[in-house]
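Note: hydrogens, waters and symmetry copies are ignored here, and every other heavy atom, side chains too, is used. What you see is a predicted model; the values in this text were computed from it and never measured.
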Amino acid sequence: MLKTLFGLLGLFILVSLAWRLASGRRSLPCPSWLRWLVELDNPFCRTGRAAVILSRLDLRPGLAVLDAGCGPGRLTIPAAGSVGPQGQVTALDIQRGMLERVRARARAEGLENITLIEAGAGQGRLERGRFDRALLVTVLGEIPQPEAALKEIFDSLKPGGVLSVTELIFDPHFQPRGKVARLAVSAGFRQRASFGGSLAYTLNFEKPTSG
């Protein structure tokens with residue numbers, strides 16, 4: 001068992017280094033052929049597990065959720081189950097291959113409350129005042145214009161809506177928590193909760209209900 005865990009850790013580190021090297025100074029999202037890597041919870045980091053992230057968002061039936069940079073749907077699928085048929089999850093990703101994987105997984109799970117949008121955050125494709133919750137999980141550093149992305153997400157949330165940002169040091173585009181907090185506050189958010197440490201954390205931000 002221990003040998004298997006060390007093997008998995010080595011694989012995560014190797015792929016992360018290769019991805020980081022390929023990215024260079026550019027914003028390079030995880031390619032769709034590597035979706036198996038981001039489709040699984042990292043066994044070495046509780047903070048980044050889908051169930052843990054979602055448990056801190058008080059998801060309830062009927063809510064509308066945005067999964068920005070959804071990848072293969074690691075959080076999209078369980079979020080859709082949590083909000084139920086009365087709710088809606090919008091999966092936003094710039095890669096068609098990732099969205100096709102979300103579509104296939106939703107079909108296999110019998111979920112019909114997921115909407116797919118092929119676009120990047122900050123490109124103006126989100127409806128204003130639409131969502132109760134939004135997710136940005138290890139994706140902010142891949143966005144060329146994070147300020148524009150956070151502003152669009154802010155506008156797309158209802159007053160009182162919550163944005164959850166998760167960053168893990170394993171990710172090639174890891175963003176320090178201080179930088180994330182500054183960007184979110186500049187977009188109009190106020191910090192609501194903080195979980196984890198400096199190398200693996202979730203920050204939840206709220207859109208104020210008034211001025």
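Looking at heavy atoms from C-beta onward, D171 lies in side-chain contact with E142 at the 4.5 angstrom threshold. The shortest distance between side-chain heavy atoms of V139 and D93 does not fall below 4.5 Å. Within the 4.5 Å cutoff, side-chain heavy atoms of N204 are placed close to those of L57. V65 places a side-chain heavy atom less than 4.5 Å from the side chain of L135. V52 has its side chain out of reach of F195: every pair of non-hydrogen atoms, C-beta onward, lies at least 4.5 Å apart. Annotation: side chain of V83 is not in contact with side chain of R133 (no heavy-atom distance under 4.5 Å). Residues E100 and R103 are in side-chain contact: their nearest non-hydrogen atoms beyond the backbone lie under 4.5 Å apart. At least one side-chain heavy atom of F205 sits less than 4.5 Å from a side-chain heavy atom of Q191.
Linking ILVMFWY side-chain heavy atoms closer than 4.5 Å, directly or via other members, places F131 and F189 in a single hydrophobic cluster. The hydrophobic clustering, which links ILVMFWY residues whose side-chain heavy atoms are closer than 4.5 Å, places L136 and L59 apart.
Not counting sequence neighbours, S186 has no partner by the side chain to side chain donor-acceptor pair (under 3.5 Å) test.
Separating the CZ atom in R74 from the CG atom in L54 is a distance of 9.0 Å, to the nearest 0.5 Å. Residue T115 holds its OG1 atom at 11.0 Å from CG of L66, rounded to the nearest 0.5 Å. Taking OG from S164 and CZ from R192, the interatomic distance works out to 10.5 Å, rounded to the nearest 0.5 Å. With rounding to the nearest 0.5 angstrom, the CD1 atom of I114 is 8.5 Å from the CD atom of Q88. Atom-to-atom distance recorded for L140:CG and H173:NE2 is 11.5 Å, nearest 0.5 angstrom. With rounding to the nearest 0.5 Å, the separation of OG1 in T76 from CZ in R105 is 8.0 Å.
In this structure, K158 contributes its side chain and D132 its backbone to no donor-acceptor pair below 3.5 Å. Of the possible polar contacts, one joining the E152 side chain to the G122 backbone as a donor-acceptor pair under 3.5 Å is found.
For the side-chain contact (heavy atoms from CB on, under 4.5 Å) criterion with V137, the lone passing option out of V165, T166, T202 is T166. Checking L168, I169, T47 one by one against L199, the side-chain contact (heavy atoms from CB on, under 4.5 Å) holds for a single residue, I169.
Screening residues 54-73 for salt bridge (charged side-chain N to carboxylate O under 4.0 Å, His left out) gives D58-R60 as the qualifying pairs, with residues at least two apart or on separate chains. Residues in residues 107-122 take part in these salt bridge (charged side-chain N to carboxylate O under 4.0 Å, His left out) pairs, two or more places apart or across chains: R96-E118.
In this structure, C70 and V102 approach most closely via the heavy-atom pair SG-CG2, 4.1 Å. Scanning both residues, A119 and R125, for their nearest heavy atoms gives CB-CG, 3.6 Å.
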Determine, stepwise, if the pair D155 / L126 fulfils side chain to side chain contact (heavy atoms under 4.5 Å, CB included). CA-CA 9 Å; D155 291 340; L126 300 177; over 6 Å; no
